[in-house]
Amino acid sequence: MRETTPDLTRISKYISLILRHKPEVIGIKLDAHGWADVNALLAGISRKYPINRDILDEIVRSDEKQRYSFSQDGTKIRANQGHSVQVDVELPVTEPPETLYHGTAQRFAASIEAQGLLPRSRLYVHLSPDQETAEKVGRRHGEPVIYLVDAGQMHRDGYCFYLSANGVWLTKVVPATYLKRLEDELKQH
Ligand code: HQG
């Protein structure tokens, strides 16, 4: 994943856990907008991994998905998207492109085609701007399948879309009627 050292990847995964899902693992709280105090985060992580502000800066700077942002004054940090905890990261409502993509695993296909896309443990369904990104997301779960999402029609029908600071499209649900499965081309490769 990350091209630098494996240790940074491990620390970054821990930071994702803290800033998206379980701040309590290091005894901190996120504020209503998802921000954590940088010093409190560093103190908490340092009980498990060697870290300092320079290392954190490097993790944030080099993250290939730009998962984290600092506040303007640099004293706070938050995840740009992906939360399961109820926070409002002030995502701008944004008009989506006509088509967005969702990569998932084959084994979820029947359920998705019956129920549509649901956020499951996260606050939103995550959608990708292109097929290639969706394929990578799907492969995290198993043999991938990609859905085309008729985001333009959803938008015209009144569904809200949000664009995260790192380019991930988010929406609450995608009813099955707006989904089209990209037929099994990927399996040929
Ligand atoms: C599936 C990564 C059955 C859904 C990525 C997905 C992304 C259903 C899984 C971000 C379903 C949830 C999010 C239904 C949805 N029945 N399965 N009705 N509706 N699902 O990990 O979208 O590396 O919570 O298809 O790049 O895979 O963590 O969501 O397979 O942007 O920064 O339920 O996480 O970024 O899985 O990934 P996830 P996701 P990070």
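Everything numeric here is computed off the predicted structure, so don't read it as measured data. Counting starts at 1 for both ligands and their atoms, in listed order.
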In this structure, would [X] and [Y] fall into the same cluster of hydrophobic residues linked by side-chain contacts under 4.5 Å?
{"X": "Val89", "Y": "Trp35", "result": "no"}
{"X": "Phe108", "Y": "Val174", "result": "yes"}
{"X": "Val85", "Y": "Leu41", "result": "yes"}
{"X": "Val173", "Y": "Val137", "result": "no"}
{"X": "Tyr68", "Y": "Tyr14", "result": "yes"}

Please confirm whether [X] comes within less than 3.5 Å of ligand 1 when only nitrogen or oxygen atoms on both sides are compared.
{"X": "Arg122", "result": "yes"}
{"X": "Phe108", "result": "no"}
{"X": "Val137", "result": "no"}

At less than 4.0 angstrom from any non-hydrogen atom of [X], what atoms of ligand 1 do you find?
{"X": "Ser111", "result": "3 (C), 14 (C), 16 (N), 18 (N)"}
{"X": "Leu117", "result": "15 (C), 19 (N)"}
{"X": "Leu118", "result": "15 (C), 18 (N), 19 (N)"}
{"X": "Gln115", "result": "14 (C), 16 (N), 18 (N)"}
{"X": "Gly116", "result": "14 (C), 18 (N), 19 (N)"}

Pick whichever of Arg120, His126, Lys65 has a heavy atom sitting closest to atom 10 (C) of ligand 1. His126
Within 45° cone and under 6.0 Å: Lys180 NZ/CZ vs Tyr147 ring: no
Distance under 6.0 Å and angle within 45° of the ring axis: does Arg156 meet both against Tyr178? no
Please indicate whether Lys22 has more than 12 foreign heavy atoms, meaning atoms of other residues, nucleotides or ligands, lying under 6.0 Å from its NZ. no
For a quick test of reading the model, state the closest non-hydrogen atom pair linking His102 to Val125 and the distance between them. ND1-CG1, 4.3 Å
Short version for Glu64: what comes under 4.0 Å of ligand 1, heavy atoms counted, is neither
At a non-hydrogen distance cut-off of under 4.0 Å, which region of Arg67 contacts ligand 1 (side chain, backbone, both, or neither)? side chain
Please state whether Arg140 comes within less than 4.0 angstrom of ligand 1, counting heavy atoms only. yes
Does some non-hydrogen atom of Ala114 fall short of 4.0 Å from ligand 1? no
